[in-house]
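Below is one structure, written out as structure tokens; comments come after it.
Below, read A as the first sequence line, B as the second, and so on, with proteins coming before strands; counting in each chain starts at 1.
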2 protein chains.
Amino acid sequence: MNGQTRLSWTDVRDEIRARILSRTYAPGDKLPRDEDIAIELGCARTTVHRAMQDLSQIGLVERKRKGGTHVMTDPVTRATFDIPITRREVEQRGSKYGYQLISSTLDDTPMPVMARFGIHKPCQMLHVKALHLADNRPYIFEDRWVNTRSTPDILNVDLEVESANEWLVRNKPYSRVDVRFYAMNAQGESAKYLSTTAGTALLVIERTTWIGQDPITSVQAVAAPGYQLTALN
Amino acid sequence: MNGQTRLSWTDVRDEIRARILSRTYAPGDKLPRDEDIAIELGCARTTVHRAMQDLSQIGLVERKRKGGTHVMTDPVTRATFDIPITRREVEQRGSKYGYQLISSTLDDTPMPVMARFGIHKPCQMLHVKALHLADNRPYIFEDRWVNTRSTPDILNVDLEVESANEWLVRNKPYSRVDVRFYAMNAQGESAKYLSTTAGTALLVIERTTWIGQDPITSVQAVAAPGYQLTALN
DNA sequence: AATATTAATATGTAACTACTTAATTTTGTC
DNA sequence: GACAAAATTAAGTAGTTACATATTAATATT
């Protein structure tokens, strides 16, 4: 902030953000031009530009060519979550990771799964059910469908040893992913494998991935009771 | 991609990402130096640098000074969610927004709420319960605590007319937010106001905000049955 | 051989220049 | 006055130069 060392773009970002928080620039307001801010703060326009790009990505301001920069009227809360492979998630909690294959069969994809993939023709896929454990206690029950057309190699993997989760993440990069969270009552298999009573509210993390247009896999990861997803920062 | 127009940093980013997806650069691999990539692609180092920064933020690569750039070994799925004010969320779904204040009282903060704020001394806060509706049907039941020390103005707001959600977002910017998602069984008030039977699994979005060190507010937003959170992209 | 010093290296950052692009405002024409 | 063309504006982008900084590797010192 003092004149000793010159301003970095993060300094400029923090300064502008502080002004927005203190309502020097109020919601809906138009900010000065990048160049004027640069002159005021004593830095180059590129530095202000870099700062503004960040604020724009965070969703604090909106920028338009010629239109200038405006403070967003209704700021949205933007939350980012990292979903690592389950092994790492467990290990990062300081717990011992365990894994157990429940079943692996070739089945016709049911309608809801076809809907997730956005496909209309029924086809066979590998249907894998597995349980991830933390300190020998159930952690996540996963119900996964793998497209054997796009990922034939999965058939040669010994899923008793390596989880489909891990193998896919390491060997099958995707270009698009759909992630959604919702709540579900424990029932049948989810209750059984997560050692809970039917009816317990469980958090579900559903992920579907594609490479180009081709579906790869879709998982329903049902977390054990009490599981919380926490945003970064 | 052709030589006609020069490469933008997003072009470079996409090219590098494509190489990572196609395993030209496999997980764990060290990428060439920025400068060499720049020479290869025929652009400036700064352009490659900007691309790499983005890939690093996405979580696809890891960069270290002198150490160079490495492809992440276990790529994490990074999901970003926008949580707008509830009115806008409802309106964006094309539904009619409704709002109903249930109660607004000054209460002693219970332990779990103190824990969320990270404070140890008990104190009084404004305790607001409200219901958000979409097309006259319950949409989100919110149970909120507002720190009257940091936000005394809330006491002058007519919460029958304007929701605390909206007033706070518009009038009380925060510098830090904690967001977490979990599942909860409907019971008591949540069941009653969301017009569902006790036991139904419900998704809860919990948000706590601070300005500097001062707690502002903490909400438990309990969504109606069937609610799904979908990541951007 | 163990440790401290120095050199080399790749990324990080900022300034300046030059040009592009989208959008708005002004001007000109009918 | 309505509409089209031109000028203006502010952000977007890329290149170049210069230097900072963290980390590793090489070298010298004990």
Rounded to whole Å, please give me the gap between [atom1] in [X] and [atom2] in [N].
| X | N | atom1 | atom2 | answer |
| --- | --- | --- | --- | --- |
| B:Arg50 | C:dG12 | CZ | P | 12 Å |
| A:Leu41 | C:dA15 | CG | C1' | 15 Å |
| B:Met52 | C:dT13 | CE | P | 15 Å |
| A:Ile39 | C:dA15 | CD1 | P | 13 Å |
| B:Arg63 | C:dA10 | CZ | C1' | 9 Å |
| B:Asp14 | D:dT13 | CG | P | 13 Å |
| A:Arg13 | C:dT13 | CZ | P | 11 Å |
| B:Glu35 | C:dA10 | CD | P | 9 Å |

Heavy-atom side-chain contact between B:Ile154 and B:Leu159 under 4.5 Å: yes

B:Tyr227 side chain near B:Tyr139 side chain, heavy-atom distance below 4.5 Å: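 Answer yes - side chains close enough.
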
B:Leu60, B:Thr47, B:Asp34 screened by side-chain contact (heavy atoms from CB on, under 4.5 Å) with B:Met52, the one that passes: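 Only one of B:Leu60, B:Thr47, B:Asp34 forms a side-chain contact (heavy atoms from CB on, under 4.5 Å) with B:Met52, namely B:Asp34.
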
Upstream residue (5' side of DNA chain C) when B:Arg33 and A:Trp9 are each assigned their closest nucleotide: B:Arg33

Base D:dG12 paired with A:Arg45 side chain (donor-acceptor, <3.5 Å):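 Such a pair is found, so the answer is yes.
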
Ring center gap for A:Tyr99 and A:His132 short of 6.0 angstrom: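 For A:Tyr99 and A:His132, the ring centres are under 6.0 Å apart.
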
Given C:dG12, D:dG12, D:dG15, the nucleotide with the shortest approach to the side chain of B:His49: C:dG12

B:Gln53 side-chain proximity, nearest of C:dA15, C:dT13, D:dT16: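 Comparing C:dA15, C:dT13, D:dT16 against the side chain of B:Gln53, the answer is C:dT13.
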
Gap between atom OG of B:Ser95 and atom CZ of B:Arg137 - 0.5 Å precision: 10.0 Å

Contacts under 3.5 angstrom, residues 203-213 of chain A side chains, donor-acceptor by atom type, not counting sequence neighbours:
| from | atom 1 | to | atom 2 | distance (Å) |
| --- | --- | --- | --- | --- |
| A:Glu206 | OE1 | A:Tyr182 | OH | 2.7 |
| A:Thr208 | OG1 | A:Ser218 | OG | 3.0 |
| A:Trp210 | NE1 | A:Phe117 | O | 3.3 |

Close residues, residues 65-75 of chain A, relative to DNA chain D [heavy-atom separation under 4.0 Å]: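 Contacting residues: A:Arg65, A:Lys66, A:Gly68, A:Thr69.
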
Show every donor-acceptor pair shorter than 3.5 Å between a side-chain atom in residues 20-27 of chain B and any protein atom, with sequence neighbours excluded, or say none if there are none.
| from | atom 1 | to | atom 2 | distance (Å) |
| --- | --- | --- | --- | --- |
| B:Ser22 | OG | B:Ala18 | O | 3.1 |
| B:Ser22 | OG | B:Arg19 | O | 3.3 |
| B:Ser22 | OG | B:Thr24 | OG1 | 2.9 |
| B:Arg23 | NH2 | A:Arg170 | O | 2.4 |
| B:Tyr25 | OH | B:Arg19 | NH1 | 2.8 |

Phosphate-side-chain proximity, B:Thr47 and D:dG15, N/O vs OP1/OP2 below 4.0 Å: yes

